[in-house]
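All heavy atoms count here, side chains included; hydrogens, waters and symmetry mates do not. Protein chains get the first letters and strands the later ones, always in sequence-line order, with residue 1 at the start of each.
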Amino acid sequence: MPELPEVETVRRGLEPVLAGRVLAHVDQRRPDLRWPLPERFAERLAGRRVTGLGRRSKYMLIGLEADDRSPEETWIVHLGMSGRILVSGAMLGEFHHAAPGPGKHDHVIVTTDRGDVVTYNDARRFGARDLWPTAGLEAHPLLAGLGPEPLGNAFSGTALAAAFAGKRAPVKAALLDQRVVAGLGNIYVCEALHRAGISPKRLAGSLSRSRIERLAGEVVSTLNDAIAAGGSSLRDYRQADGELGYFQHSFRVYDREGAPCPTQGCGGTIRRIVQSGRSTFHCAGCQR
DNA sequence: ATGTGTTCCTGTCCGC
DNA sequence: TGCGGACAGGAACACA
């Protein structure tokens, strides 16, 4: 499911449910996601009050107040490919599961002191979670190597040009590299490259400065447009509040093989190719 | 040191 | 309908 816009959408949906609340009950179910569960995970969460929800790249960061056993900590959540978070309970005025009991892939179920139920579900279990002192969060192994936030001040054409310098990888691969810029995935890389009129096959280090400037701007506008639409819903993915994101209707190339290129006057056809084992969608007519 | 291929896991879809 | 294969929004890891 999730690239940066989807994680941001989930964060915004979850914030009013969790911020300021106490995690009254934590039901830790299947322990093995991508890595084994941290020690005493459920016990360390239970009873803690949530200070707020942040995000770094595709990681959602749930801040927890200190208690008599632990300092301030952050519950780090990564949704992997198939992770989702569902909310049910009083706040939404409904209980979303008709069938009683947790689903097969519901791995963590948290009940807040207000009675809302937050369920972390991940069929493929590529997701990750950890609990880490907030004071040293940037040193967490999963966060330490990340490049700049594309919607933050540190990201710019200058920054992107510096990261691309000397790179022999195709620009598609370079943008997927989380050390270059953090938070893009397969969909938004394809979309931003199309908006920028750049071939995904072009080597990152060979792009002119002006084209990199354009690309940096299109990365930002693509992500902002997607966040404004509530992210993209593929298959049955749902937002935290149960609404569907609708940016998938704005895809210009992703999953549109064979469709006419939407660029005005281009007349090309969207093609699918494979780059480092992953689908790339592009138009050879207007992406050079 | 970089760049690419493989791998983790389950579900879904498509062709036969 | 069933079955096999391809493919899926990620990214760590092994290897050239």
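Among the protein residues, A:Arg179 comes within range of no part of the nucleic acid, since none of its heavy atoms lies under 4.0 Å from any strand.
Checking B:dT4, C:dG9, B:dT10 against every side-chain atom of A:Ser276, the shortest atom distance belongs to B:dT4.
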Yes or no on side-chain contact (heavy atoms from CB on, under 4.5 Å) for A:Leu64 and A:Leu131, after CA distance, side-chain angles and deciding distance? CA-CA 10 Å; A:Leu64 304 172; A:Leu131 205 46; 3.7 Å; yes
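A:Asp113 contributes a side-chain N or O that, together with a main-chain N or O of A:Val22, makes up a donor-acceptor pair within less than 3.5 Å. Not one N or O on the side chain of A:Glu149 forms a donor-acceptor pair closer than 3.5 Å with the backbone of A:Ala154. Side chain of A:Gln28 to main chain of A:Phe41: no donor-acceptor pair is present (N/O by atom type, distance under 3.5 Å, no hydrogens or angles).
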Intra- and inter-strand pairs of DNA chain B in dot-bracket (Watson-Crick or G-U wobble, both distances under 3.5 Å; | for another strand): .|||||||.|||||||
Report all interatomic pairs (protein N or O, nucleotide N or O of nucleotides 11-13 of chain C) with separations under 3.5 Å.
{"residue": "C:dA11", "atom": "OP1", "partner": "A:His78", "partner atom": "NE2", "Å": "2.7"}
{"residue": "C:dA11", "atom": "OP2", "partner": "A:Lys58", "partner atom": "NZ", "Å": "2.7"}
{"residue": "C:dA12", "atom": "O4'", "partner": "A:Arg34", "partner atom": "NH2", "Å": "3.0"}

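Going from atom CD of A:Gln275 over to atom P of B:dT6 covers 16 Å, rounded to whole Å.
Where stacking is scored as ring centres under 5.5 Å apart with planes under 30°, A:Phe126 registers as stacked on the base of B:dC8.
Test A:Cys190, A:Pro200, A:Cys261 against A:His282 for side-chain contact (heavy atoms from CB on, under 4.5 Å) and you get one pass: A:Pro200.
Ion pair A:Glu8/A:Arg11 flagged as a salt bridge, since at least one NZ, NE, NH1 or NH2 atom sits closer than 4.0 Å to an Asp/Glu carboxylate oxygen. Ion pairing between a basic and an acidic side chain is recognised when a charged N comes within 4.0 Å of a carboxylate O; A:Asp32 and A:Arg125 show such pairing.
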